[in-house]
Engineer: 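Sharing a structure below in structure tokens format, with a few things to ask.
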Amino acid sequence: MNAGILGLGRYLPDKIVTNADLEKIMDTSDEWIRTRTGIEERRIANDEINTSDMAYEAAKAALENAAISAEEIDLILVATVTPDQSFPTVACMIQEKLGAKKAAAMDVSAACAGFMYAMITAQQFIQTGAYKHVLIVGVEKLSRITNWEDRNTAVLFGDGAGAAVLGPVAEGKGILSFELGADGTGGQHLLQDGDFIHMNGREVFKFAVRQMGESSLSVLDKAGLTKEDVDLLVPHQANIRIMEASRERLGLPIEKMTKTVHKYGNTSSASIPIALVEEMEAGRVKDNDLIIMVGFGGGLTWGAIALRWGK
Ligand code: UT7
């Protein structure tokens, strides 16, 4: 049984924080942020909006898009490093809110690669026939663990949620191949220590450029495909320079890479599903398109998926 995407949804908070807004509260500039990261603005959730609220909205939208009811969901996986609390999990909270009565539920913690880990976990249950419909959400309220006095990190992140309903699809469609990986020896380069995110930007940058390229090529190879077959690259939206390096490694023209980093910043595990929803809504994903999704993050972790669009 092949597992594929039956529907997608997203939620972004209304509040926009521009680079100019950040210039007023820290020693930074719009010019620095744009040229080093490609980010122009990000969304920040108000105090009343928690991670589970954003997850719920994105999940509802994905169910609607898939035309699947909450009662038909067998498993809910929520990828997040900013849950409302450690337990009950965000997955359990949205299970209740959605009324997904028969669904098992758990959170998955793999930082910015979390959505890739959740998708592949879902795939295993669908492939074996154990479960039919799995709801997965990538969601972060990174603003809660952002140190607004640390310009090295504060300019990079944003809040948001993206969700997908996975289920059985026709032969030749859905997830064709994947790669997941971890290297705990690099854990100190990107972590939450105390209340805040800490990062060695240069080390993470080098790791990301190398890993995004290698993982993308690896999933193509595993699927028996080549760079020429790729219709769309959906990289983790961390930094336009990292994304560009991956695109060049695959030799793709600029229009074959998704870009939302300029308007949402880095939303960690939410960035890949949000980017994919926007491609779908813009009508840029066609039946049988070959999509490469690739992410990296704290842990260190990484993950890539080759997916043939369609049911
Ligand atoms: O989801 C995974 C999350 N992490 C990432 O994706 C991060 C990967 N790394 C990066 O994206 C880049 O390394 C950064 C955007 C974080 C930094 O870019 P960089 O080209 O590696 O800059 P740098 O760290 O080498 O810093 C250059 C300079 C430094 O000043 P000095 O020491 O050369 O005088 C920084 O202090 O830029 C300074 N700087 C800033 N200046 C203005 C650092 N942050 C800022 C800032 N505004 N916000």
Side-chain angles (χ1 to χ4, degrees), residues 17-42 79-82 108-118 138-162 181-184 186-193 196-213 215 234-247 258-262 264-275 293-304:
V17 174
T18 65
N19 292 346
D21 294 329
L22 294 180
E23 280 178 352
K24 292 178 202 142
I25 59 165
M26 66 183 78
D27 180 18
T28 190
S29 68
D30 175 51
E31 208 265 330
W32 191 96
I33 303 171
R34 271 176 207 259
T35 53
R36 300 290 178 122
T37 72
I39 299 166
E40 294 166 19
E41 55 188 47
R42 71 285 293 141
T80 186
V81 292
T82 49
V108 175
S109 185
C112 304
F115 198 80
M116 299 293 88
Y117 270 75
V139 57
E140 301 294 356
K141 190 176 179 182
L142 293 170
S143 59
R144 210 184 59 218
I145 57 166
T146 296
N147 178 356
W148 294 101
E149 288 174 7
D150 175 16
R151 67 174 185 175
N152 290 298
T153 54
V155 302
L156 303 175
F157 301 108
D159 300 333
D183 178 8
Q188 78 278 13
H189 297 317
L190 178 52
L191 71 160
Q192 182 180 349
D193 185 19
F196 299 127
I197 301 172
H198 293 268
M199 185 177 71
N200 179 342
R202 276 188 203 180
E203 284 303 320
V204 177
F205 192 96
K206 280 191 284 182
F207 154 72
V209 167
R210 188 184 69 246
Q211 201 56 56
M212 298 263 277
S215 304
V234 186
H236 170 43
Q237 307 281 311
N239 180 321
I240 191 68
R241 289 151 60 211
I242 299 172
M243 294 159 57
E244 280 296 319
S246 319
R247 182 177 70 77
T258 309
K259 192 183 94 165
T260 60
V261 68
H262 58 297
Y264 304 141
N266 179 350
T267 57
S268 187
S269 64
S271 94
I272 291 175
I274 290 172
M293 292 176 259
V294 58
F296 67 93
L300 300 166
T301 56
W302 62 90

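For ligands, and for the atoms within them, numbers begin at 1 and follow the listed sequence. No experiment lies behind these values; they were computed from the predicted model shown.
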Engineer: Do any N or O atoms from the side chain of T301 and from the backbone of A110 form a donor-acceptor pair under 3.5 angstrom?
Structural biologist: yes
Engineer: Could you find the nearest protein heavy atom to atom 19 (P) of ligand 1 and give me its residue, atom name and distance?
Structural biologist: R36 NH1, 3.6 Å
Engineer: Output the list of atoms in ligand 1 that are nearer than 4.0 Å to some heavy atom of R241, sorted by atom number.
Structural biologist: 18 (O), 20 (O)
Engineer: For the side chain of D159 and the backbone of S143, is there at least one donor-acceptor N/O pair under 3.5 Å apart?
Structural biologist: yes
Engineer: Tell me, which protein residue and heavy-atom name are nearest atom 43 (C) of ligand 1, and how many Å apart are they?
Structural biologist: N152 OD1, 3.2 Å
Engineer: If we ignore hydrogens and angles and just use 3.5 Å, is the side chain of E40 paired with the main-chain N or O of H262 as donor and acceptor?
Structural biologist: no
Engineer: Measuring from atom OG of S268 to atom CG of L190, what distance do you get when rounded to the nearest 0.5 angstrom?
Structural biologist: 8.5 Å
Engineer: Would N239 and N266 count as a side-chain contact (heavy atoms from CB on, under 4.5 Å) here? Give the steps.
Structural biologist: CA-CA 7 Å; N239 180 321; N266 179 350; over 6 Å; no
Engineer: So, K206 and E203, do they make that salt bridge, N to O below 4.0 Å?
Structural biologist: yes
Engineer: Which protein non-hydrogen atom lies closest to atom 39 (N) of ligand 1, naming both residue and atom, and how far is it?
Structural biologist: W32 CZ2, 3.4 Å
Engineer: Looking only at heavy atoms, is any part of I33 under 4.0 Å from ligand 1, and if so is it the side chain, the backbone, or both, or is it neither?
Structural biologist: neither
Engineer: Measure the CH2-CG distance between W32 and N19 for me, rounded to the nearest 0.5 Å.
Structural biologist: 10.5 Å
Engineer: Using modelled atom types and a 3.5 Å cut-off, is there a donor and acceptor pairing between side-chain atoms of N200 and backbone atoms of Q188?
Structural biologist: no
Engineer: Nearest protein heavy atom to atom 14 (C) of ligand 1, by residue and atom, and its distance?
Structural biologist: N239 ND2, 4.5 Å
Engineer: Within ligand 1, which atoms have a heavy atom of C112 less than 4.0 Å away?
Structural biologist: 1 (O), 2 (C)
Engineer: Determine whether the side chain, the backbone, both or neither of M26 has a heavy atom under 4.0 Å from any heavy atom of ligand 1.
Structural biologist: neither
Engineer: Heavy-atom contact under 4.0 Å between H236 and ligand 1?
Structural biologist: yes
Engineer: Take atom 31 (P) of ligand 1 and look for protein heavy atoms under 4.0 Å from it; say yes if you find one, no if not.
Structural biologist: no
Engineer: Nearest protein heavy-atom contact for atom 29 (C) of ligand 1: which residue, which atom, what distance?
Structural biologist: R151 NH2, 4.9 Å
Engineer: Just to confirm my output: which protein heavy-atom neighbour is closest to atom 3 (C) of ligand 1, and how far is it?
Structural biologist: N266 ND2, 3.4 Å
Engineer: Nearest 0.5 Å please: distance from the CZ atom of R247 over to the CD1 atom of I242.
Structural biologist: 15.0 Å
Engineer: Can you report which non-hydrogen protein atom sits closest to atom 9 (N) of ligand 1, along with the distance?
Structural biologist: G201 O, 3.0 Å
Engineer: Which ligand 1 atoms does T37 reach within 4.0 Å, using its non-hydrogen atoms?
Structural biologist: 15 (C)
Engineer: M199 heavy atoms, cut-off 4.0 Å: which ligand 1 atoms fall inside?
Structural biologist: 4 (N), 5 (C), 7 (C), 16 (C)
Engineer: Considering only non-hydrogen protein atoms, determine which one is nearest to atom 33 (O) of ligand 1 and report residue, atom name and distance to 0.1 Å.
Structural biologist: R202 NH2, 4.8 Å
Engineer: Measuring from atom NE2 of H236 to atom OG1 of T267, what distance do you get when rounded to the nearest 0.5 angstrom?
Structural biologist: 7.5 Å
Engineer: Does any N or O in the side chain of Q237 come within less than 3.5 Å of the main-chain N or O of S271, such that one atom is a donor and the other an acceptor?
Structural biologist: no
Engineer: Would you say atom 48 (N) of ligand 1 touches the protein, meaning some protein heavy atom is under 4.0 Å from it?
Structural biologist: yes
Engineer: Heavy-atom contacts with V155 under 4.0 Å: which atoms of ligand 1 show up? List them by number with element.
Structural biologist: 48 (N)
Engineer: Using a 4.5 Å cut-off on heavy atoms from C-beta on, say whether the side chain of D150 contacts that of M199.
Structural biologist: no
Engineer: Could you check which of S29, S271, A238 puts a non-hydrogen atom nearest to atom 6 (O) of ligand 1?
Structural biologist: A238
Engineer: Give a yes or no on whether atom 36 (O) of ligand 1 lies under 4.0 Å from any heavy atom of the protein.
Structural biologist: yes
